[in-house]
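The block underneath contains the structure these notes are about, expressed in structure tokens.
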Amino acid sequence: MNVLVINCGSSSLKFQLINSESEEVLAKGLCERIGIDGSLTYQPEGGEKIKSDKAMPTHTEAIQFVIDALTDEKTGVVKSLDEIGAVGHRVVHGGEKFASSVVITDEVKTAIEECNDLAPLHNPANLIGINACQELMPGTPMVAVFDTAFHQTMPKKAYLYGLPYEYYENYAVRRYGFHGTSHSFVSKHAAEFMGVDINDSKIIVAHLGNGASISAVVNGKCVDTSMGLTPLEGLVMGTRSGDMDPAIMEYIAKKENLDIAGVMNVLNKKSGVFGISKNLSSDFRDLEDAMNNGNPYAEAAMEVFCYRVAKYIGSYVAAMNGVDAIAFTAGIGENSGTVRKMVLSYLGYLGITVDEEANKGRGEDIMISTADSKVKVAVVPTNEELAIARETVALV
Ligand code: AMP
């Protein structure tokens with residue numbers, strides 16, 4: 001079956017058409033500036049990227065252009081819509097309502113809408129994408145795959161904050177966690193690749209991308225994760241602060257004459273390694289180069305980032321009372337041997353020994369611990385689209 005995977009943002013839409021038997025990506029692309037002007041980037045398997053400007057007042061036009069591209073006589077990869085058996089939609093927030101993926105019905109859409117408050121930038125856009133697809137592909141089954149679902153197995157002690165209990169009861173304030181599709185995919189694949197029995201395992205997944213989160217997975221189930229009610233909590237990220245003393249918000253608001261929205265903007269967009277490096281970059285390639293050229297702010301950014309990851313790993317070893325395997329994934333985790341080396345330099349006490357040569361590799365499954373290391377450590381590339389396609393096929 002061919003599955004169309006859709007990841008809808010407020011003004012963008014990423015898509016992949018995946019053949020579920022071969023797990024090949026038949027075509028992929030991106031619509032940008034929806035509601036502004038509009039452009040479509042489309043790439044069939046083995047073909048060139050084609051970029052064209054197209055008027056996209058709404059997501060419905062964007063999805064129509066995607067369908068047109070996929071079925072185009074020359075550059076298309078299917079003859080008609082009949083060859084697309086299902087659509088898998090990435091949905092950011094499923095609140096406590098969704099602990100797994102679901103076939104989309106009217107009730108499901110209402111429940112997603114009820115989570116809008118928890119992800120005001122993402123869930124409404126995800127719903128717009130779902131509605132637009134349903135309009136253009138009536139009769140094609142659609143599945144929602146939630147970023148939060150994998151983390152719903154966390155115990156109460158991990159998801160409750162030290163806040164009045166009523167905030168949880170009345171406003172659903174708790175830890176939800178994000179990147180769940182990636183943590184789920186990578187923990188399973190890591191167990192397979194490293195030869196660990198998933199049903200008897202303690203695995204830590206470090207999803208280190210521009211947004212970064214880490215999770216503790218026991219016997220295939222998430223028991224803790226670093227992102228919280230929103231993706232702002234936890235690790236230091238590209239531009240997000242991660243954990244900090246909440247009183248800093250009031251202090252900075254007064255010093256810089258900012259309101260809550262102003263402070264939130266700083267914490268989400270101007271902090272993290274970008275802020276620490278004095279706005280040099282949020283990209284670790286730039287930071288690494290600058291650090292190697294003696295830039296002290298880039299060095300501080302790299303050190304703060306890696307130290308925070310190491311501290312989280314240590315706390316999850318405590319939470320799980322041990323660890324069998326650690327997997328590094330996402331843009332930084334898969335590509336930066338320097339970051340992995342800096343993180344692992346704190347973890348010798350776990351009996352981890354690193355294969356320095358293997359750690360220079362990137363972008364594929366690589367065991368980076370030595371054969372005698374007490375804890376296995378590997379690079380395990382994530383593939384959220386494939387994970388969504390697999391979930392979709394399993395449900396339809
Ligand atoms: P993601 O959000 O998973 O797409 O990750 C994007 C981030 O990965 C970028 O902002 C970079 O910081 C990082 N990245 C990508 N390629 C490399 C590389 N070769 N070396 C170091 N960092 C990289």
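Counting starts at 1 for both ligands and their atoms, in listed order. Note that the structure is a prediction, hence the values are computed from the model and not measured. By convention here, the first residue in the shown sequence is residue 1.
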Below the 3.5 angstrom mark, is there an N/O of Phe284, backbone or side chain, next to an N/O of ligand 1? yes
Backbone or side chain, does any N or O of Asn210 fall under 3.5 Å from an N or O of ligand 1? yes
Nearest to atom 10 (O) of ligand 1, what protein heavy atom do you find, and at what distance? Asp283 OD2, 3.9 Å
Considering only the protein, which heavy-atom contact is closest to atom 17 (C) of ligand 1, and what is its distance? Asn335 CB, 3.5 Å
Pairing donors with acceptors under 3.5 angstrom, does anything connect the side chains of Lys109 and Asn131? yes
Could you tell me whether a side-chain N or O of Glu334 sits under 3.5 Å from a main-chain N or O of Gly331, the two making a donor and an acceptor? no
Is there a donor-acceptor pair closer than 3.5 Å between any side-chain N or O of Ser187 and the backbone N or O of His183? yes
Provide, to 0.1 Å, the distance between atom 20 (N) of ligand 1 and the closest protein heavy atom, together with that atom's residue and name. Arg285 CG, 3.4 Å
If you count the non-hydrogen atoms of other residues, nucleotides and ligands that lie under 6.0 Å from CD in Glu48, is the total more than 12? no
Number the atoms of ligand 1 from 1 as they appear, then name those within less than 4.0 Å of a heavy atom of Ser336, with their elements. 21 (C)
What are the atoms of ligand 1, with element, lying closer than 4.0 Å to any heavy atom of Ala330? 3 (O)
Does Tyr159 offer a backbone N or O that forms a donor-acceptor pair with the side chain of Tyr168 under 3.5 Å? no
Quick one: look up the protein heavy atom nearest atom 13 (C) of ligand 1 and list residue, atom name and how far away it is. Ile332 CG1, 3.5 Å
Any N or O on Gly211 sitting closer than 3.5 Å to an N or O of ligand 1? no
Answer yes when Glu23 and Arg390 have at least one side-chain N-carboxylate O distance shorter than 4.0 Å, and no when they do not. yes
How far is atom 23 (C) of ligand 1 from its nearest protein heavy atom, and which residue and atom name does that atom have? Gly331 O, 3.8 Å
Hydrogens and angles aside, do Ser11 and Glu32 bring a side-chain donor and acceptor to less than 3.5 Å of each other? no
